[in-house]
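Residue numbers start from 1 in every chain, and the chains themselves are labelled A, B, ... in the order their sequence lines are given, proteins ahead of strands.
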Amino acid sequence: MVGEIRKKRLIEAMLEAGLDGLVLYGNAWQNDYLRYAADFGILEGEGLAVVTRDGNVTLYLDDELEGERAAVECPEVRTVVADDLIGAVSGVIARLGNSRIAAGPKRHLPYGLAAQRGDLRFEDATALVDRLLMVKSADELNAVRSAARLADEGYAVFRGAAAVGKKDFELIAEIESFFRNEGVDDNFMIIGVGGPEVRGMAPPLGKILKPGDLVTTELTPCVNGYYVQICRTLVIGEPNEAQRKVFGIYDDALEAGLAVVKPGVTAADIARAENDIFRAHGLGEYVTSEYTRVRGHGLGLFPDTKPHILEDVNTVIEEGMSMIVHPNTYNPEIGYFVHGDSLIVRADGPEILTRTPRELFSVGARRATA
Amino acid sequence: MRHGLILWREQELSLADVKARQVRLQQAIAAAGLDGVLIYTNHVRSAGVTWISGFTPYWSDGLVLVLREGQPIFLTALSKRVGEWVKSVAPTFEVAHSPLPGKLAGERLAKVGATRLGVVELDRMPGGVVDEILSVLPVELSDASELFTAVRGQPDRAELDLARRTDNIAREAFKAGDIKGKYAGDFTGAVERAVRLAGAEECYVAVAPDLSKDRRFIRAGKQELGRTFAVRLSIAYNGVWARRIETFSAVSKIAARLASVSAELDRASPAFPANGSISDFSLPDGAELIDWHLEAPHGTRPLKVVADAETPLAAPVPYGVLTVTLVLDGETIVASRPVGLGDSSVREAAE
């Protein structure tokens with residue numbers, strides 16, 4: 001259903017732009033463009049969707065197993081499995097002659113496809129599709145809301161599984177198993193375990209949880225293609241005074257960022273509101289790119305999509321966007337700290353999606369792994 | 001993205017193992033009259049870079065530039081903070097950061113006066129990366145896929161041992177599944193958990209929930225299980241992928257027969273050559289072969305179908321995964337096993 005709505009929006013945008021065709025690339029990491037058109041959650045290999053102005057979508061995949069799965073999971077889309085993906089799609093494009101064809105995401109479009117198109121060239125579809133990805137339809141927003149429930153439930157599983165003696169990857173095993181049982185297709189997740197020596201989150205390193213550790217995580221479950229994120233930090237044992245104090249700063253920064261969110265402001269306005277809290281505490285150095293990447297970002301068919309919440313990004317926030325505000329960064333006293341909630345931008349401000357309390361969670365230091 | 005543990009495990013894949021691969025590729029680069037070879041990686045097309053460096057990206061993408069001499073360079077748009085993680089799990093290359101990794105590759109090539117660059121799967125290289133390289137240096141690009149495949153196709157002990165280890169993780173994990181579960185997720189959730197607790201870096205699970213109706217595999221956890229069903233585990237461990245398919249039944253008489261077939265395949269498969277032929281493959285007595293295919297690491301793909309009943313194997317592969325569909329006593333059975341792993345794995349499987 002939501003796939004059909006997306007396809008309709010895509011065709012309307014194509015017609016408005018005067019395009020005859022679109023070629024959209026995807027793989028399991030960068031799948032938003034492909035999924036927007038073909039509604040397939042690709043896992044292995046690569047895919048290209050060819051969309052024509054008459055509303056036809058054909059999905060080209062280079063992996064036989066994925067082709068088999070696509071035939072069952074999205075039977076409404078014509079799927080072609082081609083080991084020579086570039087040759088197959090180039091042949092289709094060639095038959096469209098010198099009509100106006102755009103492709104995206106521009107940076108990922110395979111070189112061979114552009115080379116075979118030669119002087120006719122592809123127009124850049126990036127801006128057209130990015131806009132559709134950012135400002136979502138009502139049905140898409142409902143899908144986003146469904147994913148939010150699982151982000152909260154996932155964090156509860158995470159908290160429940162955290163224990164002294166447990167390894168970071170074992171925590172992730174519990175989460176992934178829970179998510180698969182719940183029909184979650186994918187989950188973007190990184191983790192940090194330790195104290196002031198931890199300068200960011202990373203994939204699991206086999207670290208063992210011990211009393212006093214901060215355990216940071218971003219959980220980003222994907223339900224029917226839509227990602228929602230939650231960022232929280234927990235302490236193994238009772239939080240110390242420094243940890244409590246620093247939590248207050250991050251909580252204020254999150255509140256400040258969320259308070260700004262409404263249609264018409266810019267991404268920079270939100271980032272500035274978050275960062276001003278840190279600057280007021282003499283922590284301005286720690287909101288630079290040396291210590292943090294973004295102060296939030298868009299969410300949707302990709303876990304880290306536009307707009308990026310940064311003080312130099314002037315994208316105007318619009319009703320119907322979904323995003324996370326997260327003032328995550330390093331703190332020199334206690335280490336890397338994360339705190340963030342996902343939201344939908346509504347006319348009157350943010351609709352907060354994630355409902356896990358904004359607390360510095362504590363897991364009993366004596367709770368040892370079985 | 002990846003979801004599991006990635007570590008540098010010197011005892012399983014040593015610096016010397018990786019260095020030997022790098023030297024082999026550098027010799028091939030020189031013999032072909034190239035100045036270097038560029039290999040793209042993301043977590044879907046990770047196999048080329050994983051083989052030459054032991055590194056698999058958790059998310060995002062990158063390039064490895066192998067010049068005729070010296071340490072390969074990993075070029076990435078990932079932040080320097082993530083770069084620290086990269087260095088900790090792959091001490092086999094230099095890590096260089098740029099928001100435009102292709103441009104940085106062009107600059108490194110210009111520094112050594114390069115004029116001819118081979119690119120593994122040139123057609124598939126993101127066009128933006130190629131544009132970035134050419135914006136710095138008008139280097140002659142050629143497709144280096146055949147060159148790479150020829151070097152890559154030679155198995156080494158470390159890779160075969162890891163393939164066997166990965167398959168063992170799958171075999172053990174299947175024991176955690178509840179064959180009496182109502183839904184696919186009842187079985188697969190516990191299996192995936194077991195795989196990840198064993199330290200795998202990735203696990204994909206797919207199910208053919210009712211083999212009497214459909215042999216195709218899907219990912220839906222809420223599908224009701226039929227009398228016989230098959231589960232496909234695709235696992236990465238330390239950069240090496242294995243697939244294992246087992247067929248199960250909650251009906252005890254059928255289950256016993258399936259277990260016996262599975263054990264027979266375990267005995268026969270590891271030593272069977274990964275040569276794209278099935279004529280000498282030992283099938284259970286009375287079984288009728290319906291379909292088969294062979295997968296193997298190929299180029300940047302961790303596993304790809306490289307041979308089947310209609311398509312012969314085009315180039316040697318280091319090891320393979322053979323999938324067979326059989327009918328035995330009226331039941332459809334689907335099974336995958338690693339092949340081309342040598343004698344020691346035969347003993348291990350038999351034990």
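- Ranked by heavy-atom pairs under 4.5 Å with chain A, the first of B:K80, B:E84, B:M125, B:E121 is B:M125.
- Between the side chain of A:S177 and the backbone N or O of B:E192 there is no donor-acceptor pair closer than 3.5 Å.
- Of the residues considered (A:R293, A:E174, A:E182), A:E174 shows the highest number of contacts with chain B, using heavy-atom pairs under 4.5 Å.
- Atom CG of B:D131 sits about 10.5 Å away from atom CZ of A:R107, to the nearest 0.5 Å.
- In this structure, the side chain of B:H3 does not engage the main chain of A:I172 through any donor-acceptor pair within 3.5 Å.
- Only the backbone of A:E290 comes within contact range of chain B, with heavy atoms under 4.5 Å apart.
- Of the atoms belonging to A:L109, it is backbone heavy atoms, and not side-chain ones, that fall under 4.5 Å from chain B.
- Among the residues in residues 82-89 of chain A, those with a non-hydrogen atom closer than 4.5 angstrom to a non-hydrogen atom of chain B are A:D83, A:L85, A:I86.
- Annotation: maximal heavy-atom pairing with chain B below 4.5 Å, among A:D185, A:I175, A:D168, occurs at A:D185.
- Each of A:L65, A:D63, A:L113 has some count of heavy-atom pairs under 4.5 Å with chain B, and the biggest count is that of A:L65.
- Proximity to chain B is limited to the backbone of A:Y291, based on heavy atoms less than 4.5 angstrom apart.
- Residues A:N27 and B:H43 bring no donor and acceptor atom of their side chains to less than 3.5 Å of each other.
- A donor-acceptor distance shorter than 3.5 angstrom exists from the side chain of A:E68 to the backbone of B:F217, with no hydrogens or angles considered.
- In terms of non-hydrogen atom pairs under 4.5 Å with chain B, the most contact-rich of A:D304, A:T292, A:I42 is A:T292.
- No side-chain donor-acceptor contact under 3.5 Å links A:E176 to the backbone of B:E202.
- Of the listed residues (A:K167, A:Q116, A:H108, A:K106), the greatest number of heavy-atom pairs within a distance under 4.5 Å of chain B belongs to A:H108.
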Residues B:R45, A:E44; criterion salt bridge (Lys or Arg N to Asp or Glu O under 4.0 Å); working and verdict: CA-CA 9 Å; B:R45 292 178 51 198; A:E44 296 188 57; over 6 Å; no
